[in-house]
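Notes for the one structure printed next.
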Amino acid sequence: MKVRTRFAPSPTGYMHIGNLRTALYAWLFARHNNGKFILRIEDTDRNRLVEEAGNVIFRTLKDTGLNYDEGPDIGGEYGPYVQSERKEIYGKYARLLVEKGAAYYCFCTKERLDHLREQAAAEGKVFKYDKHCMSLSKEEVQRKIAAGEEYVIRQNIPTQGEASYEDMVYGKISVPMSDMEDNILLKSDGWPTYNLANVIDDHLMEITHVIRGMEYLSSTPKYNLLYDALGWQRPVYIHLPPVMKDKHKKLSKRNGDASYEDLIQKGYLKEAILNYIALLGWNPGGEREIYSLNELAEVFTLEGLSKSSAIFDIEKLTWMNGEYIRALSLEAFIERARPYFEQSLTSHVDLKKLATLIQPRLETLVQIGEKISFVNALPEYSIDLYSHKKMKTTPENSLNILIAARQKMASLEDFTNDALYSALLEVAQEAEVKSGRVLWPVRIAITGTAVTPGGATEIAELLGKEETLARMDFSISKLERELQ
RNA sequence: GGCUCCUUGGUCAAGUGGUUAAGACACCGCCCUCUCACGGCGGCUACAGGAGUUCGAAUCUCCUAGGAGUCACCA
């Protein structure tokens, strides 16, 4: 059997991490099995459409490398791949279901339904449609339709027995028929509901494995009834546990910002995002955690899927992102980081040198700005920074050291890290103090920053001789002034 | 509330009757070290609770509790 999976989002907003993970798993399963991955847009709810949403889906899938073999914008032999372009198909099958007795026309008004609902609520019962219109004769139905009465088509669900199926992750699921309602298959506006459309499309598109969120776990038996009525083979079901924001809430764009695009905005690498969410609810068994997309496709199997929900942990993603950043070649890193450098760097320094210092110290790309601000200009700083207990430095004992260091540095032809380092060690020796007594003050003097990506000599090399000496001079006079 | 499902440390998780109950993130400590980070070493913390079955239960059964999903002319 040729595996065919699909990702079938409705274009009603942004794509968040839970959606992306569903797409990822469907993609991985298809790729692992040498099958096809299909994108289908489910836009039958004409009221909830969001203008840009379709494009966000296309863009995200392309950007992440979750390439689809068939889809709205690339076509395929099972198209169209947008439900709004398949309207007649659903109508046709809805009527076929009526003929087979698996569905029926319903003319009940909203008023009657609301009344029934209120009644049920008053009695403390769960509302369930009473199959009122099922008793209508064929003639009555014809007459009403001819008279232009609005109608829907409802699924006719047996009142007795149990409906069950085998889910690949949750195992056997069985639901009493009596708990299922005669859902609407075709709305009065002529559009199908998900209940009908997903079945028709998955079958017509020859989807073999339906991979989707577990919110469909208990309604799947109803869909199976439709497959059975039509004499179609049921697909294999793979329901996924949800990705949570915390113990109680599902991840949502509203109360967090875990959309894919938000994470990219925050400086996360797409590879890290994919890698992290792949492991949120699935694991390959071993201890390895870093996998490229293709490596994931190689090892992905259903056995690794878990049944329980998983909380999205930004901390771990952040760690993994750091791993990905560090694994980049210097060139690749500079390429990725360029926009951030351009945004926050105003002075001219050797980008390669800066990148070398910064790359191993980054967890996200946006941290670049804060980490390199001292490069642009010496910030306002307090001379308290010269105090460091472990280095045994104070503003007072730093002053003379800085003067000596400044003189030594000025005499250097070769203003590189190594040369600077040995020069400053000499200063320490001459003053008969430990290296930290000179390296710490120098770093503070030229950066005015407590924590910097690199030591005193690395930063001196980065800034260059002229700038370094200028900053030394400034800091020396600042100290002289403030120590009076 | 009915129905469906879930439950190993703060988080992700290995584990499928016999283990000192892995590993990772986070946190803490130490080491490395010109600050920080990286790296190395070590520590902390878990089988939701209770009954069974069994020589033996995180693993099997039942009950309880907690949680999630669903109960739309949304998907």
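As a basis for the values below, the full set of heavy atoms in this structure was taken, side chains included, without hydrogen atoms, waters or symmetry mates. In what follows, chains carry the letters A, B, and so on, assigned in the order in which the sequence lines appear, proteins first and then strands, with residues in each chain numbered from 1.
- Expressed to the nearest 0.5 Å, how far OH of A:Tyr324 lies from OG of A:Ser292 amounts to 6.5 Å.
- The side-chain heavy atoms of A:Met168 and A:Leu305, taken from C-beta on, include no pair separated by under 4.5 Å.
- In this structure, the nucleotide among B:U4, B:C36, B:A13 sitting nearest to the side chain of A:Ala310 is B:A13.
- Between A:Lys172 and A:Arg21, it is A:Lys172 whose nearest contact on RNA chain B lies nearer the 5' terminus.
- When side chains are defined from C-beta on, A:Arg46 counts as touching A:Ser84, because their heavy atoms get closer than 4.5 Å.
- Nearest to the side chain of A:Ala456, among B:A75, B:C34, B:A24, sits B:C34.
- You'll find the side chain of A:Gln367 reaches within 4.5 Å of the side chain of A:Thr364, heavy atoms only.
- Using N1 to N3 plus N6-O4 or O6-N4 for Watson-Crick, or N1-O2 and O6-N3 for G-U wobble, each under 3.5 Å, B:C41 pairs with B:G29.
- Nearest-nucleotide positions on RNA chain B for A:Pro176 and A:Ser306 put A:Pro176 closer to the 5' end.
- Relative to the side chain of A:Val175, the nucleotides B:U4, B:C74, B:C36 differ in distance, and B:U4 lies closest.
- A:Met391 comes within 4.0 angstrom of the backbone, heavy atoms only, and of no base.
- Within the shown strands, B:C3 is the pairing partner of B:G69 under the Watson-Crick or G-U definition, both distances less than 3.5 Å.
- Between A:Val299 and A:Tyr291 the shortest side-chain heavy-atom distance falls below 4.5 Å.
- Across the strands present, B:U59 finds no partner; the criterion is a Watson-Crick or G-U wobble pair with both atom distances under 3.5 angstrom.
- Under a cutoff of 6.0 Å and an axis angle of 45°, A:Arg117 and A:Phe127 form a cation-pi pair.
- Nearest nucleotide to the A:Tyr170 side chain, out of B:C5, B:C74, B:U35: B:C5.
- Taking every side-chain heavy atom of A:Ile311 into account, B:U11 is the closest of B:U11, B:U35, B:A75.
- Base pairing analysis places B:U53 opposite nothing; no Watson-Crick or G-U wobble pair with both distances below 3.5 Å involves it.
- Between A:Tyr165 and A:His239, the ring planes are perpendicular. Angles over 60° get that label, and only those under 30° would be called parallel.
- Heavy atoms of A:Ser174 sit under 4.0 angstrom from primed sugar atoms or phosphate atoms, though from no base atom.
- Distances shown here put a side-chain N or O of A:Thr44 below 4.0 Å from the OP1 or OP2 atom of B:A75.
- Within the structure, no pair that satisfies the salt bridge (Lys or Arg N to Asp or Glu O under 4.0 Å) test touches residues 163-177 of chain A, not counting sequence neighbours.
- Judged by Watson-Crick or G-U wobble contacts below 3.5 Å, the nucleotide B:C12 has B:G23 as its partner.
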Show me the side-chain donor-acceptor pairs of residues 448-463 of chain A shorter than 3.5 Å, one per line, residues at least two apart or across chains.
residue  : atom : partner  : partner atom : Å
A:Thr449 : OG1  : A:Thr447 : O            : 2.8
A:Thr452 : OG1  : A:Arg443 : NH1          : 2.8
A:Thr452 : OG1  : A:Gly454 : O            : 2.9
A:Thr457 : OG1  : A:Asn417 : OD1          : 2.4
A:Glu458 : OE1  : A:Gly455 : N            : 2.6
A:Glu461 : OE1  : A:Asn417 : N            : 2.6
A:Glu461 : OE2  : A:Lys353 : NZ           : 3.0

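- If you check every strand for non-hydrogen atoms under 4.0 Å, A:Gly281 touches sugar and phosphate atoms only.
- Looking at heavy-atom distances under 4.0 Å, A:Ser188 makes contact with a base.
- Put simply, A:Lys316 has no side-chain N or O that comes within less than 4.0 Å of OP1 or OP2 on B:C12.
- Residue A:Thr193 places its side chain closer to B:C74 than to any other of B:A24, B:C36, B:C74.
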Take nucleotides 61-71 of chain B nucleotide by nucleotide from the 5' end and write B, S or -, depending on whether a protein heavy atom sits under 4.0 Å from the base, only from the sugar-phosphate, or from neither. ------SSBSS
Write out a two-atom table: protein N or O, nucleotide N or O from nucleotides 28-33 of chain B, distance below 3.5 Å.
residue : atom : partner  : partner atom : Å
B:U33   : O4   : A:Lys390 : NZ           : 3.3

Under 3.5 Å between N/O atoms: give me all the protein pairs with nucleotides 37-43 of chain B, atom names plus distance.
residue : atom : partner  : partner atom : Å
B:A37   : O2'  : A:Pro360 : O            : 3.2

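- Listed nucleotides: B:U35, B:C6, B:C34. Nearest to the side chain of A:Asn417: B:C34.
- Using modelled atom types, one finds a donor on one side chain and an acceptor on the other under 3.5 Å when comparing A:Thr301 with A:Glu303.
- Nearest to the side-chain atoms of A:Arg443 among the listed nucleotides B:A24, B:U35, B:U11 stands B:U35.
- Applying the side-chain contact (heavy atoms from CB on, under 4.5 Å) test to A:Ala445 and every residue at least two apart in sequence or in another chain returns A:Tyr386, A:Leu402, A:Met472, A:Ser475.
- Base engagement by A:Ile184 is indicated by at least one non-hydrogen atom pair under 4.0 Å involving a base atom.
- If you check B:C36, B:C34, B:C73 against the side chain of A:Val451, the one that comes closest is B:C36.
- Using a 4.0 Å cut-off between charged nitrogen and carboxylate oxygen, A:Glu271 and A:Arg336 count as a salt-bridge pair.
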